Amino acid sequence: MSGRRLNRRLVLEASQAVADGAGGQGVIWVALGTLWAEVTPGAGREGQGEEVILGLTACRIVVRGAPVGNPRRPLPGQRFAEGTRRFAILAVAEADAAGRHLTCFCREEVPA
């Protein structure tokens, strides 16, 4: 047994560029699927967003493994969503030698 508690249901999302109607582009987030995860929070700090000060919390999110190229494998630049919470994925690595789980190094950003 792995000892992992994948007890949080997260939606994996990817950004998609869309025309804003004024010659530019905007970004929308498209749901790719749902993954069960174990979320471990880390240290928090204050950071500067585009328009507001943000509370930033580093966290590790562990999900079931998927081979490289599989659409169920999270990628840097994507994010996880849980209700109103968003976790930006910064990096992804195998959590064990057999590749049964992946560790996603994430950052949660919340307006402070």
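Since this is a predicted model, take the numbers as computed values, not measurements. As a basis for the values below, the full set of heavy atoms in this structure was taken, side chains included, without hydrogen atoms, waters or symmetry mates. Position 1 is the first residue of the sequence, and the numbers go up from there.
- Under the 6.0 Å distance and 45° angle rule, R79 counts as a cation-pi partner of W29.
- Rounding to the nearest 0.5 Å gives a distance of 5.0 Å between CD1 of I28 and CD of Q16.
- Partner F87 forms a side-chain contact (heavy atoms from CB on, under 4.5 Å) with one of E82, R107, E13 and no other, that one being E82.
- The cluster map of Ile, Leu, Val, Met, Phe, Trp and Tyr, joined by side-chain heavy atoms under 4.5 Å apart, puts L102 and F105 in different clusters.
- Taking the side chain as every heavy atom from C-beta outward, P76 and L90 never approach each other to under 4.5 Å.
- You'll find the side chain of F80 reaches within 4.5 Å of the side chain of I61, heavy atoms only.
- In this structure, R5 has no side chain to side chain donor-acceptor pair (under 3.5 Å) partners at least two apart in sequence or on a different chain.
- Put simply, CZ on R64 and CZ on R72 are 9.5 Å apart, with the number rounded to the nearest 0.5 Å.
- The structure places SG of C104 at 11.5 Å from CZ of R60, a figure rounded to the nearest 0.5 Å.
- The two atoms that bring A14 and L32 nearest to each other are CB-CD1, 3.7 Å, heavy atoms only.
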Audit row: R86, E108, salt bridge (Lys or Arg N to Asp or Glu O under 4.0 Å) steps and yes/no: CA-CA 6 Å; R86 301 294 181 263; E108 181 179 17; over 6 Å; no
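- Atom-to-atom distance recorded for L75:CG and I89:CD1 is 7.5 Å, nearest 0.5 angstrom.
- The side-chain heavy atoms of T103 and E94, taken from C-beta on, include no pair separated by under 4.5 Å.
- Contact check on R8 versus E38 returns no salt bridge, with no Lys/Arg side-chain nitrogen under 4.0 Å from an Asp/Glu carboxylate oxygen.
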